[in-house]
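A short write-up of the structure that comes next.
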Amino acid sequence: QREMNCFHIDDFVAGWIGGASSVIVGHPLDTVKTRLQAGNGYKNTLHCILKVYQKENVSGFFKGLSFPLASITLYNSVVFGTFSNTQRLISQFRHGDRRHPSDMLDLVLSSTMTGFISVGIGAPVDLVKIRLQMQTQPVVTEALNLAGECWRTVGVQERVVYRGPLHCISNILQNEGVPGLYRGAWAMVLRDVPGYTLYFIPYALLCGWMTPEGHASPHPCCIWLAGGIAGSISWVTATPADVVKSRLQADALHQRQYKGISHCILQSYKTDGLQVFFRGTTVNAIRGFPMSATMFLSYELALKFFRGL
């Protein structure tokens with residue numbers, strides 16, 4: 001189960017389980033967040049939810065779920081496995097003991113390294129997810145005449161480009177090459193490096209604060225609450241970079257508008273004003289809580305189970 005002094009495989013497996021749980025809980029609001037940030041025609045979060053439901057029914061909120069379920073579980077496995085193993089490595093290097101409690105510098109270093117490493121897997125995963133989420137479902141209406149029933153498609157605002165995740169990946173590779181899969185990756189670095197610092201540090205501090213003295217580990221309720229608060233803090237502060245990333249990644253669905261990060265920021269500001277960078281803040285705060293609460297709780301319980309074997 002554990003191969004090296006500082007390297008534990010169970011962290012990766014527990015991260016995979018936590019990732020699967022959080023994807024199922026958070027995907028509907030993630031779709032709303034993406035539509036708000038990269039799309040047009042939505043006044044606010046509630047208006048976006050109603051429009052998606054009216055045009056595409058409940059299934060509209062679960063567009064592109066199969067790919068994140070398969071890939072974001074792997075992504076979270078890498079994130080949590082990297083963070084925990086890096087923590088032990090830094091403790092070994094700085095304090096001479098891998099079990100030494102992490103101080104603030106240890107947490108910052110671990111979070112920063114995790115943010116950089118996560119983009120390698122996370123950028124293509126996010127790109128495909130966003131391209132699939134941004135496809136508009138054709139609206140089908142029923143027309144009746146004396147001869148019987150006939151069906152026609154009306155209100156099709158956008159041609160469905162991708163048949164599924166694999167078709168989307170192959171289409172991107174064919175038209176944009178391997179760099180196309182990493183469109184928006186630098187914006188993701190700007191989001192994830194500070195984002196993971198403001199994810200793991202509040203979680204560690206809140207867990208420490210809520211755990212009574214003499215107890216080795218926090219109560220599951222404390223883990224759930226600390227994880228939820230940490231998720232909301234992280235996602236709210238990461239929203240401006242997330243908007244830029246979403247716009248860059250969704251860009252290929254339409255005629256290419258943005259040349260890069262700085263051009264995307266300037267064009268977005270010119271077109272929609274400063275408020276555009278805070279689109280989806282509400283949905284990020286709401287979505288961040290249950291997703292991260294589920295993620296951390298599933299991770300910690302899975303880890304406890306594996307280490308009790």
Side-chain angles (χ1 to χ4, degrees), residues 19-69 71-73 75-76 122 125-139 155 157-158 160-162 165 168 184 187-188 191-192 195 199 227-229 231-254 264 268 271-273 275-295:
S21 310
S22 70
V23 167
I24 293 163
V25 168
H27 192 78
L29 283 173
D30 184 61
T31 300
V32 173
K33 184 237 0 163
T34 300
R35 295 283 181 94
L36 279 169
Q37 290 178 345
N40 292 308
Y42 305 116
K43 296 172 192 170
N44 52 43
T45 303
L46 184 61
H47 182 244
C48 182
I49 291 168
L50 291 172
K51 287 269 275 188
V52 172
Y53 181 72
Q54 282 168 5
K55 288 187 173 183
E56 302 164 58
N57 224 321
V58 176
S59 62
F61 296 103
F62 291 93
K63 271 194 173 169
L65 176 63
S66 60
F67 184 69
L69 197 56
S71 54
I72 291 178
T73 49
Y75 172 69
N76 276 294
V125 167
D126 238 22
L127 180 80
V128 173
K129 174 180 69 68
I130 282 172
R131 295 277 175 94
L132 290 170
Q133 284 174 329
M134 288 304 294
Q135 293 193 121
T136 303
Q137 182 89 352
V139 181
Q157 296 174 340
E158 200 169 289
V160 175
V161 181
Y162 309 117
C168 181
M188 198 170 183
R191 183 194 76 175
D192 285 358
Y199 187 57
I229 293 169
S232 291
I233 291 168
S234 175
W235 271 108
V236 166
T237 51
T239 298
D242 192 46
V243 170
V244 176
K245 179 199 69 67
S246 292
R247 290 194 154 213
L248 282 168
Q249 290 181 326
D251 198 21
L253 279 178
H254 319 287
C264 179
S268 299
T271 310
D272 300 303
Q275 69 270 21
V276 73
F277 301 108
F278 299 94
R279 267 193 199 168
T281 303
T282 306
V283 76
N284 269 343
I286 296 167
R287 161 183 166 267
F289 191 97
M291 270 192 82
S292 298
T294 306
M295 176 79 227

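What you see is a predicted model, and the numbers here were worked out from it, not measured in a lab.
Under the 4.0 Å criterion applied to side-chain N and carboxylate O atoms, Asp192 and Lys245 are not assigned as salt-bridge partners.
Residues Ala20 and Leu69 approach most closely at O-CD1, 4.0 Å, considering heavy atoms. Closest non-hydrogen pair, Gly280 versus Leu36, comes out as CA-CD1, 4.2 Å. Between Val236 and Ala285, the closest heavy-atom pair is CG2-CB, 3.5 Å. Contact record, Asp251 with Leu248: CB-O, 3.3 Å, taken as the closest heavy-atom pair. Listed here is the closest heavy atom pair of Thr31 and Gly60: CG2-O, 3.6 Å. In terms of heavy-atom proximity, Cys264 sits nearest to Arg247 at SG-CB, 3.9 Å.
To the nearest 0.5 angstrom, Asn284 atom CG is 8.5 Å from Asp30 atom CG. To the nearest 0.5 Å, the span separating NZ on Lys129 from CD on Gln249 amounts to 8.0 Å. Distance CG/Leu65 to CD1/Ile24: 7.0 Å, rounded to 0.5 Å. The NZ atom of Lys43 lies 10.5 Å from the CG atom of Leu50; values are rounded to the nearest 0.5 Å. Taken from CG in Asn76 to OG in Ser21, the straight-line distance is 9.5 Å, to the nearest 0.5 Å. In this structure, NE2 on His27 lies 8.0 Å from CD1 on Ile72, to the nearest 0.5 angstrom.
Side chain of Ser234 to main chain of Gly231: no donor-acceptor pair is present (N/O by atom type, distance under 3.5 Å, no hydrogens or angles). Looking only at distances, no side-chain donor or acceptor of Asn57 sits under 3.5 Å from a matching main-chain atom of Ser59. Put simply, the side chain of Ser22 never gets that close to the backbone of Ser292: no donor and acceptor are under 3.5 Å apart.
Between Trp235 and Phe289 there is no side-chain heavy-atom pair separated by less than 4.5 Å. Taking 4.5 Å as the limit, some side-chain heavy atom of Glu56 sits within range of a side-chain heavy atom of Lys63. Side-chain contact between Leu29 and Met291 is absent, with no heavy atoms from C-beta onward closer than 4.5 Å. Put simply, the side chain of Ser246 does not reach to within 4.5 Å of the side chain of Met134, judged on heavy atoms. By the 4.5 Å heavy-atom criterion applied to side chains, Val283 and Arg35 are not counted as neighbours. Within the 4.5 Å cutoff, no side-chain heavy atoms of Val244 are placed close to those of Ser268. In this structure the side chain of Thr45 reaches within 4.5 angstrom of the side chain of Val32, judged on heavy atoms.
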